[in-house]
Number of protein chains: 2
Amino acid sequence: MYKLDEQVGYILRLASQRHATVFNKHSDLGLTPTQFSALVRVAEMGSCSQNLLGRRTAMDVATIKGVVTRLKAKGFVELGTDPGDKRRTVVSLTDKGHEVIAQLHSFGQAVTDETLAPLNTAERKVFLEMLTRLT
Amino acid sequence: MYKLDEQVGYILRLASQRHATVFNKHSDLGLTPTQFSALVRVAEMGSCSQNLLGRRTAMDVATIKGVVTRLKAKGFVELGTDPGDKRRTVVSLTDKGHEVIAQLHSFGQAVTDETLAPLNTAERKVFLEMLTRLT
DNA sequence: GGAGATTTATTTGTGTACAAACAAACGACC
DNA sequence: GGTCGTTTGTTTGTACACAAATAAATCTCC
């Protein structure tokens, strides 16, 4: 018998909502989970095109446009044009962006730890490995 | 060293996106995952208030209002007022809604099976049990 | 150097997701 | 029956999430 509560898609939504709650509880830089991901990824990459950033953070071109716009408005990134290709918008961190990266890493680790709190260390490893196979 | 690709929140987003892709690939009634959940839940409950439906599908009051509006526009549900409490909007299935429920159950099962395809039967059980503990 | 395919980005539209403000209705208490 | 707290629902606003249409720019081929 079909039960909504046992469907992986439905449970994924509930788990994501709880993760969002944990994220918002800890958040103090006014960033959303999506903005956080984009910012952390720009820091990893040093600077990159908007399109590549979207692809490296699993965001649609329209979505990353909005996220980058808001990160710029918040002063964490600055935009430029690629001298070698006028189509490209180059995204890089501002000084302010650089300053908060270490704090974002700590914050992100705390969110992950609290989200995974119901699982022990061995379970976390198994769970993340399986979840990753579903992506 | 902090890695975005290893954070549970980020991986949950990727898994949800893949699930959405699987859902859209199979979908032929023009329903979104959220509308599907709401419709299947109304069928389970026989009829219920909009507020209860929202709570039983983990949707905010503003969100369930929109979802119910669209399900009504698509002809799957009808709305009424609770004679015992004028505040309440009662949501129930139309004939059309009743007609598609068996099909929705099959479709939902297919989506779940395909989403979980990278895991074997034993792994699925373990995974769903752990995922449920994170909700 | 012109044509055509592809890439990058913007814009518009639809559908969530949720916070917050607001209003009608209900029930408990006096 | 009036007050107050709570419940249910609507509306507005912000932030995604993504499809589709559009345009500028690039690259390849002729």
Side-chain angles (χ1 to χ4, degrees), chain A residues 9-10 12-25 27 29-39 48-74 76-77 79-91, chain B residues 9-10 12-25 27 29-39 48-74 76-77 79-91:
Chain A
Y10 184 74
L12 277 171
R13 200 159 74 80
L14 303 190
S16 294
Q17 281 175 338
R18 176 174 161 270
H19 173 265
T21 298
V22 171
F23 187 99
N24 291 329
K25 195 174 97 183
S27 183
L29 284 170
L31 292 172
T32 65
T34 321
Q35 291 165 10
F36 171 96
S37 296
L39 197 51
C48 57
S49 73
Q50 184 173 289
N51 186 273
L52 181 57
L53 179 60
R55 287 189 276 114
R56 294 298 312 283
T57 52
M59 295 180 212
D60 185 82
V61 291
T63 302
I64 191 65
K65 156 70 176 176
V67 170
V68 162
T69 296
R70 283 179 283 277
L71 285 176
K72 183 186 176 204
K74 292 176 175 176
F76 292 115
V77 300
L79 307 181
T81 302
D82 186 327
D85 190 331
K86 290 191 182 63
R87 291 173 297 182
R88 291 214 183 107
T89 296
V90 174
V91 187
Chain B
Y10 184 75
L12 278 172
R13 200 159 73 80
L14 304 190
S16 293
Q17 282 175 338
R18 177 173 161 271
H19 172 265
T21 298
V22 171
F23 186 98
N24 290 331
K25 194 174 98 184
S27 182
L29 285 169
L31 292 172
T32 65
T34 322
Q35 290 164 11
F36 171 96
S37 296
L39 197 51
C48 57
S49 73
Q50 184 172 290
N51 186 274
L52 182 56
L53 180 59
R55 287 189 275 115
R56 293 299 312 282
T57 51
M59 295 180 211
D60 185 83
V61 290
T63 302
I64 190 66
K65 155 70 176 175
V67 171
V68 162
T69 295
R70 283 181 284 275
L71 285 175
K72 183 186 175 206
K74 292 177 175 176
F76 292 115
V77 301
L79 307 181
T81 302
D82 186 327
D85 191 331
K86 290 194 182 64
R87 291 174 295 183
R88 290 215 183 104
T89 296
V90 174
V91 187

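Only heavy atoms go into these numbers, but all of them, side chains included; no hydrogens, no water, no symmetry mates. Labels below follow one simple rule: chain letters A, B, ... track the order of the sequence lines, proteins then strands, and each chain is numbered from 1.
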Return whichever of A/K74 or B/N51 has its heavy-atom-nearest nucleotide of DNA chain D closer to the 5' end. B/N51
Interatomic distance, CG@B/N51 vs CZ@B/R88, rounded to 0.5 Å, equals 8.0 Å
When rounded to whole Å, the NZ to P distance for the pair A/K86 and D/dT26 reads 5 Å
Measure from NZ on B/K25 to P on D/dC18 and round the result to the nearest Å. 17 Å
Nearest 0.5 Å, what's the OG1-CG distance between A/T34 and A/L71? 9.5 Å
Taking OP1 and OP2 of D/dT14, is either one under 4.0 Å from a side-chain nitrogen or oxygen of A/R70? no
Calculate, to the nearest 0.5 Å, the distance between atoms CG and OG1 belonging to A/N24 and A/T32 respectively. 8.5 Å
Calculate the interatomic distance between B/D85 atom CG and D/dT6 atom P; express it in whole Å. 17 Å
For DNA chain C, which nucleotides open and close the run of contacts to chain B, 5' to 3', at under 4.0 angstrom from a non-hydrogen atom? C/dG15 to C/dC26
Say you draw a straight line from CG of A/L29 to CD of A/Q35; how long is it, rounded to the nearest 0.5 Å? 11.0 Å
Whole angstrom is fine here: how far is it from CD in A/Q17 over to P in D/dA15? 19 Å
Could you state the atom-to-atom distance from CZ of A/R55 to P of D/dC18 in whole Å? 15 Å
Under 4.0 angstrom between B/R88 side-chain N/O and D/dT8 OP1 or OP2: yes
Shortest non-hydrogen contact between A/Q50 and A/V68, atoms and distance: OE1-CG1, 3.9 Å
Where the side chain of A/K74 meets the backbone of A/L31, is there a donor-acceptor pair that is under 3.5 Å apart? no
Within residues 59-66 of chain B, the residues having a heavy atom closer than 4.0 Å to DNA chain C are B/D60, B/A62, B/T63
Note: for A/L52 and B/T34 on DNA chain C, the residue whose nearest nucleotide lies more 5' is A/L52
Minimal non-hydrogen separation, B/S16 against A/L12, with atom names: OG-CB, 3.9 Å
Throw together a table of side-chain donor-acceptor distances under 3.5 angstrom for residues 56-67 of chain B, partners on residues two or more places apart or in other chains.
unit_1	atom_1	unit_2	atom_2	d
B/T57	OG1	B/L53	O	2.7
B/T57	OG1	B/G54	O	3.3
B/D60	OD2	B/A62	N	3.0

When rounded to whole Å, the CG to C1' distance for the pair A/L31 and D/dC16 reads 14 Å
So, does A/K25 use its side chain to make a donor-acceptor pair with the main chain of A/A20 at under 3.5 Å? no
Among D/dG9, D/dC16, D/dC18, the one nearest any side-chain atom of B/Q50 is D/dG9
